[in-house]
Amino acid sequence: MKKELIEGEDFYLSPEGYRIFTEKYLLDRGYCCVSGCKHCPYGYSKLIGKIKKNTKQVMTFQEEILQGIPTQLPPVAVYDATINHAPKRKEILTNEEKKLALRNALRYFEPQQHQTLIPEFKEELEKYGRIYMYRFRPQYRMYARDINEYPGKSLQAKAIQMMIQNNLDYAVAQHPHELITYGGNGAVFSNWAQYLLTMKYLAEMTDEQTLVMYSGHPMGLFPSHKNAPRVVVTNGMMIPNYSKPDDWEKFNALGVTQYGQMTAGSYMYIGPQGIVHGTTITVLNGFRKIGKEPKGNLFVTSGLGGMSGAQPKAGTIAGCITVCAEVNPKITKIRHEQGWIHEIIEDLDQLVNRVKIAQQNNEVVSIAYLGNIVDVWEKFDKENLHIDLGSDQTSLHNPWAGGYYPVGISFEEANEMMANQPELFKEKVQETLRRHAAAINKHTAKGTYFFDYGNAFLLEASRAGADVMNPNPTLGREFKYPSYVQDIMGPMCFDYGFGPFRWVCASNNPEDLQKTDEIACSVLEEMIKTSPAEIQQQMKDNIQWIRGAQENKLVVGSQARILYADAEGRMNIAKAFNDAINQGKIGPVVLGRDHHDVSGTDSPYRETSNIYDGSRFTADMAIHNVIGDSFRGATWVSIHNGGGVGWGEVINGGFGMLLDGTLEAEQRLKSMLFWDVNNGISRRSWARNEGAVFAIKRAMEAEPNLKVTLPNFVDDKLLD
């Protein structure tokens with residue numbers, strides 16, 4: 001029945017005699033002009049308030065960043081089994097330490113939320129060995145956006161937000177829900193609360209503040225000045241006596257430190273492209289070393305997870321046949337879908353036949369063998385299939401927690417053993433390392449050139465009692481086989497100042513990347529005209545690389561590029577970028593490098609393995625590098641314990657720098673990039689590395705204010 005209209009309550013008559021229904025009448029029936037009239041006397045605001053209360057508000061991306069840790073608990077997250085997750089970490093905490101881990105996690109949240117979160121965090125700790133706080137994982141898509149899409153008062157801080165999100169992009173990160181970028185344990189943060197709080201701080205900060213990061217935890221914003229770094233990062237900087245693998249397991253589980261790898265915890269990972277370039281140069285020079293062309297010849301290695309599909313892609317660019325073994329079916333499928341490998345083979349006989357055909361036809365092809373690398377080495381020996389180059393890139397810095405898998409056990413069984421029978425898992429891994437080394441030894445006796453790729457393969461094999469030691473050791477040559485830095489990258493690149501310079505187009509526009517490629521290529525082509533003979537090959541390799549960079553479709557995640565350049569090349573390219581930004585040709589650009597470089601890293605079994613004056617176990621260079629970068633203009637700096645060779649085995653530092661087209665940016669890039677490279681060359685020169693002596697003398701000629709102590713050489717006959 002219709003409600004009776006009452007004059008004065010439900011309607012009134014207009015001067016023309018029409019009925020004008022009141023807002024109350026319309027509101028009672030669910031109708032309203034929804035114009036938010038402030039004069040409405042009939043409870044419009046009350047009704048709208050009720051509607052808002054019952055309606056889920058959708059926050060914008062910027063609002064969600066500025067919110068930080070939400071005051072109201074978001075819904076419990078559903079565990080997504082389609083994502084590649086980190087393996088369960090071994091149980092290492094006592095009952096009291098588990099309570100401490102919970103206390104540590106709960107300090108990010110208001111006390112009224114603790115009762116709800118305690119059972120949830122406790123379950124995560126029991127189930128996964130860590131408290132990741134899955135509930136707080138953002139629902140927005142994680143990727144590097146245009147720098148202008150980030151909220152903030154500082155363009156530099158927006159650049160860092162962009163780089164953090166790139167490290168956690170599903171296309172980039174190895175275990176994105178566990179905030180792990182690569183290497184099995186290379187974390188950007190330990191938990192999602194740290195991510196949310198860090199992004200909020202970056203969105204709030206000005207150019208008069210510096211954000212201090214303690215192993216993933218944002219300690220806070222501190223008063224600073226515009227020429228200081230916007231962020232200072234440390235990861236895993238342990239007291240030396242507490243830097244063993246089990247120490248990482250324990251203190252990471254407590255939530256008080258993390259393994260930042262190299263470029264994961266410093267927000268400078270650019271996907272597999274970085275390692276692809278270094279591997280390409282290594283493979284090219286490896287074939288040069290043995291006097292062979294890559295085409296039709298075989299490179300055998302392993303590992304598609306921790307460092308993605310870099311090796312097979314690099315082999316393809318170099319022009320050889322690559323066989324890369326991987327035990328994880330999910331990651332093998334992903335690398336195939338991404339185009340990093342051409343074929344997947346699961347049967348060893350089929351693999352042998354396919355390689356023979358490729359050798360006969362001089363093919364350039366990359367093949368993933370879904371299985372254990374030890375089976376490949378042993379099968380190829382049995383079939384007398386010649387391997388020209390051999391290496392390994394499994395994450396042996398992390399041998400007991402998913403970095404390397406035992407032979408003869410399925411992937412699933414191994415993961416279960418790793419979590420529930422860690423001592424047995426360790427035994428099986430060491431047995432496998434001994435078999436692995438024995439099979440390699442059989443091939444090298446037939447002429448294979450094997451090199452350690454700095455992933456701690458030889459180091460862990462030696463600790464397992466494998467036959468990898470040099471029968472006639474000399475200082476720095478303890479192992480049968482060289483590190484690739486000792487024979488290839490060190491004397492050919494690092495000593496001359498050539499290392500992995502990289503940049504990211506902050507607009508996230510592919511057109512900007514193409515323009516920067518053209519600028520870089522033009523700069524290098526001009527430089528090579530007057531470059532000395534000692535660095536001609538390095539220049540040619542990089543010009544070839546940058547010319548083919550677009551064609552090889554190397555971008556995963558951010559619009560980024562890498563090439564090997566010396567200090568002069570880095571400064572010239574960076575200045576050309578800054579000029580282009582100033583002229584409006586491209587948007588802002590973030591500069592960086594891999595820590596795996598001339599100066600950034602002290603690592604006796606990798607980056608500094610070709611230093612033979614006894615100082616390769618010192619870490620002065622890396623510490624000086626990051627201190628020097630911080631007051632010479634870096635936008636952010638980082639220093640880490642642990643990297644590709646393991647926790648406690650290396651100290652490595654990195655930086656990021658935003659170019660915005662200003663004169664101040666030009667001054668910063670000249671000051672910082674010159675130091676960043678020449679600090680390492682001077683140390684290598686003092687170690688009597690002849691290439692470095694040549695390079696530092698050349699640097700002193702170019703810059704009169706540089707005065708470096710040079711070594712004197714002793715006639716060895718006088719010492720005998």
Side-chain angles (χ1 to χ4, degrees), residues 60-66 68 143-167 195 197-213 218 220-233 266-268 270 502-509 511-513 515-516 519 557-561 573-593 629-638 654-673:
T60 65
F61 167 70
Q62 289 82 2
E63 287 171 339
E64 202 163 341
I65 293 292
L66 287 164
Y143 71 103
R145 293 160 168 79
D146 181 331
I147 192 171
N148 295 307
E149 292 185 37
Y150 292 92
K153 303 169 186 174
S154 163
L155 191 66
Q156 293 184 4
K158 290 182 180 185
I160 300 167
Q161 289 180 70
M162 177 191 74
M163 297 300 291
I164 286 172
Q165 289 204 312
N166 185 65
N167 272 22
Y195 166 84
L197 193 52
T198 299
M199 295 293 280
K200 177 179 168 67
Y201 276 138
L202 289 168
E204 293 175 342
M205 79 185 305
T206 71
D207 286 338
E208 300 290 332
Q209 291 172 301
T210 293
L211 175 60
V212 178
M213 299 295 300
L221 293 172
F222 289 80
S224 186
H225 56 85
K226 67 178 183 179
N227 293 321
R230 295 282 66 79
V231 179
V232 176
V233 179
S266 63
Y267 326 140
M268 191 40 76
I270 59 167
R502 57 180 60 169
W503 65 89
V504 179
C505 296
S507 65
N508 207 32
N509 186 344
E511 290 180 10
D512 275 9
L513 183 60
K515 289 174 186 175
T516 57
I519 291 168
S558 59
Q559 294 295 316
R561 186 67 72 224
I573 292 169
K575 183 184 182 305
F577 289 167
N578 201 54
D579 291 344
I581 298 164
N582 178 265
Q583 294 158 15
K585 295 178 180 177
I586 57 174
V589 171
V590 174
L591 301 181
R593 58 163 169 74
D629 284 355
S630 68
F631 65 76
R632 285 180 171 88
T635 303
W636 73 96
V637 292
S638 58
F655 77 88
M657 173 181 278
L658 179 69
L659 299 181
D660 58 7
T662 61
L663 179 61
E664 289 83 358
E666 181 178 330
Q667 291 168 340
R668 287 196 296 269
L669 74 87
K670 287 178 179 176
S671 174
M672 202 218 73
L673 293 176

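Panel note: side chain K515, backbone I586; no donor-acceptor pair is recorded below 3.5 Å. Judged by distance alone, the side chain of D512 and the main-chain N or O of G587 form a donor-acceptor pair under 3.5 Å. No side-chain donor-acceptor contact under 3.5 Å links K226 to the backbone of E208. N578 places a side-chain N or O within donor-acceptor distance of the main-chain N or O of T662, the cut-off being under 3.5 Å. Checking side-chain atoms of R230 against main-chain N and O of A228 turns up a donor-acceptor pair under 3.5 Å. At distances below 3.5 Å, not a single donor-acceptor pair connects side-chain atoms of R145 with backbone N or O atoms of M162. Panel note: side chain T210, backbone F222; no donor-acceptor pair is recorded below 3.5 Å.
When side chains are defined from C-beta on, V231 does not count as touching T198, because their heavy atoms never get closer than 4.5 Å. D579 places a side-chain heavy atom less than 4.5 Å from the side chain of E666. For the pair M199 and E64, the minimum side-chain heavy-atom distance is 4.5 Å or more. Inter-residue side-chain proximity for V232 and S630 is flagged as unmet; no heavy-atom pair is nearer than 4.5 Å. The closest side-chain heavy-atom distance from R593 to M268 is not below 4.5 Å. Side-chain contact between I160 and L211 is absent, with no heavy atoms from C-beta onward closer than 4.5 Å. Counting only heavy atoms from C-beta outward, the side chains of Q161 and P151 approach each other to under 4.5 Å. Counting heavy atoms from C-beta outward, S266 and V233 have side chains that stay 4.5 Å or more apart.
Annotation: the span from Q209 atom CD to Y201 atom OH amounts to 10.5 Å, rounded to 0.5 Å. Of the inter-residue distances, the one linking I164 atom CD1 with L202 atom CG reads 5.0 Å to the nearest 0.5 angstrom. Taking OH from Y143 and CG from N508, the interatomic distance works out to 7.5 Å, rounded to the nearest 0.5 Å.
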TODO: For the pair I65 and Y150, evaluate side-chain contact (heavy atoms from CB on, under 4.5 Å) and give the outcome as yes or no after the intermediate values.
DONE: CA-CA 8 Å; I65 293 292; Y150 292 92; 5.6 Å; no
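With sequence neighbours left out, the ring-ring contact (aromatic ring centres under 6.0 Å, His included) criterion links F631 to no other residue.
Classified by interplanar angle (parallel below 30°, tilted 30° to 60°, perpendicular above 60°), the ring pair Y267/W636 is tilted.
Salt-bridge check for R668 with E664: failed, with every basic side-chain N at 4.0 Å or more from each acidic carboxylate O.
The shortest non-hydrogen separation linking I270 to N166 is CA-ND2, 4.1 Å.
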